[in-house]
Student: 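Below is one structure. I have some questions about it.
Below, all heavy atoms of this structure are taken into account, side chains as well, without hydrogens, waters or symmetry copies. Remember, it's 1-based here, ligands and their atoms both numbered in the order they're listed.
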Amino acid sequence: MNILVAGGAGYIGSHTCVALLEAGHSVIVADNLCNSKAEAIDKIKQITGKTDKEVLFYEIDVTDKQKVYEVFLNHSIDGVIHFAGLKAVGESVEKPLMYYYNNLMSTMVLSEACLKFNIAKFVFSSSATVYGENEVPFVETMNLLPTTNPYGETKAMSERILTDIVKANSNFAVTLLRYFNPVGAHKSGLIGESPNGIPNNLMPYVTQVAKGKLKKLKIFGNDYATVDGTGVRDYIHVCDLAEGHVSALNKLSEGINIYNLGTGQGTSVLQLVKAFEEANNIEVSYEIVERRAGDIAECYANASKAEQELGWTAKRGIVEMCKDAWKFEKNY
Ligand code: NAD
Ligand code: UFG
């Protein structure tokens, strides 16, 4: 299939391009590079040995309807994967309009283009954040609870927009993929997560402390009701997550389909730090500080639906996630 990958130069998008190409598909990346670099496209080609024939790149903003329609007019597209969102929770609180505009307009413009050009397959990057403070493990049949920030709200709203479009268009097929915590990098060390400025997320912070770029990891609270008091998350290797998209596309059926992409395994902050130190034989200094506003104690998936229906399951463990994240950071 020929897949339009909106946001394909970014962290998860670039790994998904690699997985798609390795599975024999070709990709058209549409990205405005607001949080990525064009080099990612060269790296995708380098890893897969593919050329401009299978990997096309358009530097466009996917909220720009005219530019998006030009791409749809010029190519025969079989499906769309929509990664093109802004994702920093704190920034979304400071600049809500920017988040609502970008994340909702991109969903509306891309889905409208699919309807106009009769493209039935649409895969959306959602997030475990839509579950709110539900009881763990999170399962797809749960009622969603309120989100705690504008970023999370854009995911919940995009899910509702796409669900309503499917209700009104019976031959449109949408899969909502609710990601847990993607970490790690491709084993080549060529692509990975390279956040601008000081990282918000745990793993890039850990790798930058290990490298000496940052002094000390701040662990946000050790008084949660968890195994050791620190927050528990379901860390998933980004390559497993990327492969989940290929499975989702292959099995995409009419209507709205929802899958958790997680491992089903919870890991605390302290457990992750220890695993990183042991896997890479390097020390990560840390201190315990106050809880971070908006954080929940535990978040992990019930991952059985994706296994049963997509035949997909995460294969890589915490040690591999820590090794690959460190390899990328050292190379970067
Ligand atoms: P990322 O920032 O690395 O990738 C997003 C890409 O989209 C970037 O290359 C950016 O330049 C591009 N982009 C953003 N707005 C655009 C626009 N209007 N037009 C064109 N390109 C645009 O982020 P990521 O971690 O790869 O996340 C991908 C998707 O997955 C996002 O929608 C994010 O919200 C979602 N998600 C991420 C996580 C996570 O922890 N990384 C968790 C859950 C969901
Ligand atoms: N943490 C620290 N110190 C840090 C960073 C994080 O102790 O410097 C802790 C957090 O308190 C939390 C855990 O590490 O307990 C993971 O935090 P992240 O910021 O890495 O990830 P979150 O679970 O908060 O959020 C991520 C994405 C969101 C997404 C959510 C659910 O950033 O976009 O997973 O999928 F919505």
Student: Counting only pairs under 3.5 Å, give me each side-chain donor-acceptor contact of residues 193-205, with atom names and distances, residues two or more places apart or in other chains.
Tutor:
from: N196; atom 1: ND2; to: N35; atom 2: OD1; distance (Å): 3.1

Student: Relative to the ring of F83, is the ring of H245 parallel (under 30°), tilted (30 to 60°) or perpendicular (over 60°)?
Tutor: tilted
Student: Could you find the nearest protein heavy atom to atom 26 (O) of ligand 1 and give me its residue, atom name and distance?
Tutor: I12 N, 2.8 Å
Student: Closest heavy-atom contact between I44 and L21?
Tutor: CG2-CD1, 3.5 Å
Student: Applying the side-chain hydrogen bond (donor to acceptor under 3.5 Å, both in side chains) criterion to Y58, which one of H75, K67, E70 satisfies it?
Tutor: H75
Student: For D324 and H237, run side chain to side chain donor-acceptor pair (under 3.5 Å): C-alpha distance rounded to whole Å, both residues' side-chain angles, the deciding distance at 0.1 Å, then the answer.
Tutor: CA-CA 9 Å; D324 292 343; H237 196 295; 2.8 Å; yes
Student: Return yes or no for this condition: an N or O of Y179 is under 3.5 Å from an N or O of ligand 1.
Tutor: no
Student: For E193, is the nearest heavy atom under 4.0 Å from an atom of ligand 1?
Tutor: no
Student: Please list the nearest protein heavy atom to atom 28 (C) of ligand 1 with its residue and the distance rounded to 0.1 Å.
Tutor: F83 O, 3.5 Å
Student: Which residue supplies the protein heavy atom nearest to atom 2 (O) of ligand 1, what is that atom called, and how far is it?
Tutor: N35 ND2, 2.7 Å
Student: Write down, by chain and number, every protein residue that brings a non-hydrogen atom to less than 4.0 Å from an atom of ligand 2.
Tutor: S127, A128, T129, Y151, Y179, F180, N181, N200, N201, L202, Y205, L217, K218, I219, F220, G231, R233, Y235, V269, R292, D295
Student: For atom 25 (O) of ligand 1, what is the nearest protein heavy atom, given as residue, atom name and distance?
Tutor: K87 NZ, 2.8 Å
Student: Judging by distance only, is a nitrogen or oxygen of A9 under 3.5 angstrom from one on ligand 1?
Tutor: no
Student: Could you name the option among V130, N32, N181 that has the heavy atom nearest to atom 16 (C) of ligand 1?
Tutor: N32
Student: Got a list of side-chain donor-acceptor pairs under 3.5 Å for residues 218-227, not counting sequence neighbours?
Tutor:
from: D223; atom 1: OD1; to: R291; atom 2: NE; distance (Å): 3.0
from: T226; atom 1: OG1; to: G229; atom 2: N; distance (Å): 3.0
from: T226; atom 1: OG1; to: T230; atom 2: N; distance (Å): 3.2
from: T226; atom 1: OG1; to: T230; atom 2: O; distance (Å): 2.7

Student: Same cluster for L190 and V238 if Ile/Leu/Val/Met/Phe/Trp/Tyr side chains link at under 4.5 Å?
Tutor: yes
Student: Mind running side chain to side chain donor-acceptor pair (under 3.5 Å) on E91 and Y99 for me, showing each step along the way?
Tutor: CA-CA 9 Å; E91 187 184 50; Y99 272 69; 2.5 Å; yes
Student: Do the numbers put R178 on top of the ring of F138, so that NZ or CZ is under 6.0 Å from the six-membered ring centre and no more than 45° off the axis?
Tutor: no
Student: Any heavy atom of I60 sitting closer than 4.0 Å to ligand 1?
Tutor: yes
Student: Polar-atom distance check: Y11 versus ligand 1, any N or O pair below 3.5 Å?
Tutor: yes
Student: So, are K116 and E112 salt-bridged, with charged N and O less than 4.0 Å apart?
Tutor: no
Student: Could you say whether the N/O atoms of S126 and ligand 1 ever approach to under 3.5 Å?
Tutor: no
Student: What about the rings of Y69 and F117, do their centers lie closer together than 6.0 Å?
Tutor: yes
Student: Should C34 be counted as touching ligand 1, given the test is an N or O pair under 3.5 Å?
Tutor: yes
Student: For S125, take its heavy atoms, then give the atoms of ligand 1 lying under 4.0 Å from any of them.
Tutor: 29 (C), 30 (O), 32 (O), 35 (C)
Student: Note the single closest protein heavy atom to atom 32 (O) of ligand 1, along with its residue, its atom name and the distance in Å.
Tutor: K155 NZ, 2.9 Å
Student: Looking only at protein heavy atoms, identify the closest one to atom 11 (O) of ligand 1 and say how far it is in Å.
Tutor: D31 OD1, 2.7 Å
Student: Is it the case that one hydrophobic cluster holds both V18 and V123, taking links as side-chain heavy atoms less than 4.5 Å apart, direct or via other members?
Tutor: yes
Student: Compute the shortest N/O to N/O distance between V62 and ligand 1 and return yes if it is under 3.5 Å, no if not.
Tutor: yes
Student: Using a 4.0 Å heavy-atom cut-off, which part of M105 comes near ligand 1: side chain, backbone, both, or neither?
Tutor: neither
Student: Do T263 and Y235 get their side chains close enough for a donor-acceptor pair, meaning under 3.5 Å?
Tutor: no
Student: Using modelled atom types only, decide if a donor and an acceptor are shared between the side chain of N149 and the backbone of S92 within a distance under 3.5 Å.
Tutor: no
Student: Considering non-hydrogen atoms of the protein only, which is the closest contact for atom 39 (C) of ligand 1, and what is the distance?
Tutor: P182 CG, 3.5 Å
Student: Starting from atom 4 (O) of ligand 1, what is the nearest protein heavy atom, named by residue and atom, and what distance separates them?
Tutor: G10 CA, 3.5 Å
Student: Angle class for the H186/H15 ring planes (parallel below 30°, perpendicular above 60°, tilted otherwise)?
Tutor: tilted
Student: Does ligand 1 have a heavy atom under 4.0 Å from the side chain of L33, from its backbone, from both, or from neither?
Tutor: backbone
Student: Would S106 count as a contact of ligand 1 if the rule is a heavy atom under 4.0 Å away?
Tutor: no
Student: Looking at K305 and E140, is any side-chain nitrogen of the basic one under 4.0 Å from a carboxylate oxygen of the acidic one?
Tutor: no
Student: Measure from atom 18 (N) of ligand 1 to every heavy atom in N200, N102, V183 and give the option owning the shortest one.
Tutor: N102
Student: Between side-chain atoms of residues 160-168 and protein atoms elsewhere (two or more places apart, or another chain), which donor-acceptor pairs fall under 3.5 Å?
Tutor:
from: R160; atom 1: NH2; to: E153; atom 2: OE2; distance (Å): 3.4
from: T163; atom 1: OG1; to: E159; atom 2: O; distance (Å): 2.6

